[in-house]
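Down below is the structure, laid out as structure tokens.
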Amino acid sequence: EAQVTQNPRYLITVTGKKLTVTCSQNMNHEYMSWYRQDPGLGLRQIYYSMNVEVTDKGDVPEGYKVSRKEKRNFPLILESPSPNQTSLYFCASSSDVRVGELFFGEGSRLTVL
Amino acid sequence: AQSVTQPDIHITVSEGASLELRCNYSYGATPYLFWYVQSPGQGLQLLLKYFSGDTLVQGIKGFEAEFKRSQSSFNLRKPSVHWSDAAEYFCAVGGSGYSTLTFGKGTMLLVSP
């Protein structure tokens, strides 16, 4: 089954404790992206990757890191989480983002205390 | 820069009534336009897309949308709403020269009995 898998789905952590949210897709897509969703703000892009070893900043990259060492994986790293990073995070992938069919994971709800 | 405006944050429709969700975009060239739906606790799913050609496009679940260049709009419609259509709907814009999609802030659809 074609899917984008995120882990963990739910996480409560404390300020400053490094964490990684994993994302994996099984569709051989070149394009992958991370979004955060906040009430009243919609979806905002954090980082995206056009291919292996190619990443670029989205609209809200501060406080986040990413890497793309393999085509299928695109982890999101919060080196020192802060409460303003409490949010719902989505990973998405696409064979060609220009044609717009993004496949989304089910989301990871992160709470930073 | 491209942008998307969804003027309605919430809309309530009676089951069986017709629906129209509004979307206005700003884009310098010919846009690629999309509607996504997010059911509670789920990721986003593509409903329909417009690239070129016929300005009325059909999507899944009985939805359609009409591209009106003169009004910079891409409104989503459904002739008869079902209770299962209650969800959040996102309009998005992209294009051949862009490596990302820009999403609107979403419209929450509530369906009353």
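Just so it is clear, the values below take in all heavy atoms, side chains as well, and ignore hydrogens, waters and symmetry mates. Chain naming here is simple, since letters A, B, ... match the order of the sequence lines and numbering starts at 1 in each. Because the structure is a prediction, the values reported are computed rather than measured.
A:Val66 and A:Tyr48 fall into different hydrophobic clusters, where Ile, Leu, Val, Met, Phe, Trp and Tyr are joined by side-chain heavy atoms under 4.5 Å apart, directly or via other members. There is no path of hydrophobic side-chain contacts, each under 4.5 Å, that joins A:Val4 to A:Tyr89. A single hydrophobic cluster is not seen to contain both A:Met50 and A:Phe103; linkage of ILVMFWY side chains at heavy-atom distances under 4.5 Å, directly or through other members, places them apart. The hydrophobic clustering, which links ILVMFWY residues whose side-chain heavy atoms are closer than 4.5 Å, places A:Phe90 and A:Val112 apart. No continuous path of hydrophobic side-chain contacts links A:Tyr35 to A:Leu110 [ILVMFWY only; heavy atoms under 4.5 Å].
With contacts defined as side-chain heavy-atom distances shorter than 4.5 Å, the pair B:Thr102/A:Asp59 does not qualify. With a 4.5 Å cut-off on side-chain heavy atoms, B:Tyr36 and A:Leu43 do not count as touching.
Looking at A:Arg109, there are no atoms closer than 4.5 Å to chain B (heavy atoms on both sides), in backbone or side chain. Neither the backbone nor the side chain of A:Gln6 comes within contact range of chain B; no heavy atoms are under 4.5 Å apart. Residue B:Gln6 does not touch chain A at all, counting heavy-atom pairs closer than 4.5 Å. Neither the backbone nor the side chain of B:Gln45 comes within less than 4.5 Å of any heavy atom in chain A.
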Under the side chain to side chain contact (heavy atoms under 4.5 Å, CB included) criterion, do A:Leu102 and B:Leu44 qualify, and how do the steps go?
CA-CA 8 Å; A:Leu102 285 168; B:Leu44 280 71; over 6 Å; no
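Dense packing is recorded around CD1 of A:Ile77, with more than 12 heavy atoms of other residues, nucleotides or ligands lying under 6.0 Å away. Atom CZ of A:Arg44 is surrounded by more than 12 heavy atoms from other residues, nucleotides or ligands within 6.0 Å. Atom CD1 of B:Ile9 is surrounded by 12 or fewer heavy atoms from other residues, nucleotides or ligands within 6.0 Å.
Legend: disulfide (SG to SG under 2.5 Å) pairs involving residues 28-90 of chain B, not counting sequence neighbours: none detected.
Interatomic distance, A:Ser94 OG to B:Leu101 CG, rounded to the nearest 0.5 Å: 7.5 Å. Taking CD from B:Gln38 and CZ from A:Phe104, the interatomic distance works out to 8.5 Å, rounded to the nearest 0.5 Å.
The greatest number of non-hydrogen atom pairs below 4.5 Å with chain B, out of A:Ala92, A:Cys91, A:Ser33, A:Gly40, is found for A:Gly40.
Residues of residues 103-113 of chain B that come within less than 4.5 angstrom of chain A, heavy atom to heavy atom, are B:Phe103, B:Gly104, B:Lys105 in numerical order.
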